[in-house]
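Here's the structure we're looking at; comments come further down.
Side-chain atoms are counted along with the backbone in the values below, which use heavy atoms only and exclude waters and symmetry mates.
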Amino acid sequence: MRRITRRTALTMAGGTVTASMVINTATTATAAADAPAPGRPVASGAGPALRTALITRVTPRNNWRVTAVAIHYAHPVDLRGGVIPPAAFHVTADLGGRSAARTVRRVYPNTVARTDDLLHTGRPGRYLIIELDPDDANAQAAGTDPLPLHRAYAVRQVADVRTPGGDLVLAAGSLAIRNDDVITPVVDDFTAGSFTDSTGFELAFRLYQPEGFVRSPGAATRYPLVVTLHGGGEVADNNMTQLTANRVAVTFAKPERRRRNPAFVLAPQIPLPRPMDGPDGTDWTDPRVRTALVELIDAFTAQRPVDADRLFLVGLSSGARGIFNLLPRHPHTFAAALATAGWGDPSTMERITHIPIWADHSIDDPVVPYREGRFGKPGTWTLMNALESAGAPITRGEWANDLPKAEFEARSRALLNRARRTGSHVLFTSYPPGTTPVSAHFAWAQTYENDVAIDWLFDQSR
């Protein structure tokens, strides 16, 4: 929630790796660089490297990380059942004027530029995947803004790769290659856009469009719309960190989710200079932001095949504050909401007793206190009490935020079953002190990975 300064993210990382020459794999015109030294054995399989890409991932708690490097070769890398030792490759990240090695965990061929949980050691592929330890101190892909990752990584092969029979597959050498591409699964499926409202205020946004709509935009199918409201830490001009700082939007577009609950996912971003004119000093409650957001939703639903009875709000921290501010102002627009670590005005809860809400909050949250909230507006615990006093039965549950996913979802399912038995459409999950990893404020790490809560959301209609 602190003030954020914009960071210039266009500086290209340069330099060398140890004493190695660094080559750019965007072009293969420098054939001499791929030629073996006189008398050096020629690798029979892969041929020259054509291009190198970083593979990044948005994680539930550690934000955006560089998790692998994919090298594209001219011919398949065929190990004939062999295994490549991690020590055969040296990977260095040059970020912020500092150069440091990354930890290589696994190396294997693949048919596509992505990581694979299975060990297909016998399957050849034109991509060599070098998996990196996501917990490395220099694994991050963003600070306040995305880091300048293009050509920021250098990869050098330091040991020959051979088949079990001794045939040379990839020859070591003194040349290092740098990445030209950055691949972020799911995030890359969001298109970038912007919207200017009737007052001239502009909101950037990212949009995921369901595959059925992309294939047949003229079909009669109408899809739900999930509007995600980011936290205060993502207020910026980059139109990216509302996707990569946490998985609030990304989780709704991951492959298993898009198959199970296809939907439009709209992720707007509040711009700098930071609007702070809201009644409690937050962002989504700023009248300019709120007006632009409502107009954006109206414009989008008018121009896309959106099911108007299935508009959902999802938000964390100041995004949850936005939910508790927006719902009372538009009590008949949204079908349901997921609100994590929020705060708001208890006197407005009587207007939204009919709206299905699943809220959660860590009891020991130091940023948005569980009871007291922020900027003089109470936290989720107080809001749920006010909602219950206004006539909405609340089904409450409390369990550790750091439970394994299966156990966390079992607790969630039991809470939901109890709510259904009692006719309650508002659920409230609290997390005991000391059970929310990294920071007690980050309760949402489990929220958006929770299939029970997400399926519950899509089951609601206005």
Side-chain angles (χ1 to χ4, degrees), residues 224 226 248 251 261 309-317 319-321 323-324 326-328 331-332 334-365 368-371 373 378-433 435-436 440 443-462:
V226 179
V248 59
T251 194
N261 293 302
D309 289 328
R310 302 179 71 200
L311 305 185
F312 304 123
L313 280 178
V314 178
L316 56 87
S317 193
R321 168 62 180 123
I323 289 175
F324 289 124
L326 197 61
L327 289 182
H332 302 294
F334 301 98
L338 287 176
T340 301
W343 69 100
D345 185 350
S347 68
T348 65
M349 294 298 100
E350 61 182 7
R351 305 177 203 165
I352 61 173
T353 56
H354 61 288
I355 300 177
I357 299 172
W358 195 328
D360 60 339
H361 208 137
S362 298
I363 294 173
D364 56 341
D365 188 333
V368 181
Y370 177 73
R371 290 178 171 83
T380 309
W381 182 85
T382 308
L383 294 180
M384 293 297 103
N385 289 345
L387 195 57
E388 190 167 46
S389 296
I394 310 295
T395 304
R396 305 168 189 265
E398 182 175 320
W399 58 80
N401 185 268
D402 57 359
L403 291 176
K405 177 177 171 63
E407 188 174 350
F408 191 97
E409 293 189 348
R411 298 287 189 96
S412 301
R413 190 172 295 105
L415 184 70
L416 179 56
N417 289 338
R418 181 152 54 90
R420 287 169 173 165
R421 287 194 302 269
T422 59
S424 171
H425 57 267
V426 180
L427 299 91
F428 178 34
T429 307
S430 302
Y431 306 117
T435 69
T436 303
W444 52 80
Q446 283 276 35
T447 305
Y448 304 119
E449 302 306 303
N450 184 359
D451 290 334
V452 175
I454 302 300
D455 287 344
W456 169 87
L457 183 75
F458 279 102
D459 285 341
Q460 311 305 315
S461 62
R462 187 163 58 99

So how far is it from [X] [atom1] to [Y] [atom2], rounded to the nearest 0.5 Å?
| X | Y | atom1 | atom2 | result |
| --- | --- | --- | --- | --- |
| Asp455 | Glu409 | CG | CD | 8.5 Å |
| Trp444 | Asn401 | CH2 | CG | 10.5 Å |
| Thr429 | Glu398 | OG1 | CD | 10.0 Å |

Is there side-chain contact between [X] and [Y], with heavy atoms separated by less than 4.5 Å?
| X | Y | answer |
| --- | --- | --- |
| Val452 | Trp358 | yes |
| Phe324 | Trp343 | no |
| Thr340 | His361 | no |
| Tyr370 | Asp364 | no |

Exam field: side chain [X] to backbone [Y], donor-acceptor pair closer than 3.5 Å:
| X | Y | answer |
| --- | --- | --- |
| Ser317 | Ala341 | no |
| Gln446 | Thr436 | no |
| Thr251 | Tyr448 | yes |
| Ser362 | Tyr431 | no |
| His425 | Thr353 | yes |
| Thr380 | Gly342 | yes |

Any idea which heavy atoms bring Val248 and Leu316 closest together, and the distance?
CB-CD2, 3.9 Å

Looking at every non-hydrogen atom in both residues, tell me the closest pair between Pro432 and Ser430 and how far apart they are.
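So the minimum-distance heavy-atom pair works out to CD-O, 3.9 Å.
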
State which residues pass side chain to side chain contact (heavy atoms under 4.5 Å, CB included) with Ile323; sequence neighbours excluded, sorted by chain then number.
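Side chain to side chain contact (heavy atoms under 4.5 Å, CB included) check on Ile323 returns Leu229, Leu313, Leu327, Ala337, Ala339.
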
Salt bridge (Lys or Arg N to Asp or Glu O under 4.0 Å) partners for [X], two or more places apart:
| X | answer |
| --- | --- |
| Arg396 | Glu388 |
| Arg413 | none |
| Glu449 | Arg247, Lys254 |
| Asp309 | Arg462 |

Checking side-chain contact (heavy atoms from CB on, under 4.5 Å) between Val426 and each of Leu387, Ile355, Thr395, Ile352, which is the one that passes?
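Of all the options given, the one that passes is Leu387.
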
Sequence neighbours excluded - salt bridge (charged side-chain N to carboxylate O under 4.0 Å, His left out) pairs with any residue from residues 416-431
Arg420-Asp459

Determine, stepwise, if the pair Leu403 / Thr435 fulfils side chain to side chain contact (heavy atoms under 4.5 Å, CB included).
CA-CA 8 Å; Leu403 291 176; Thr435 69; over 6 Å; no

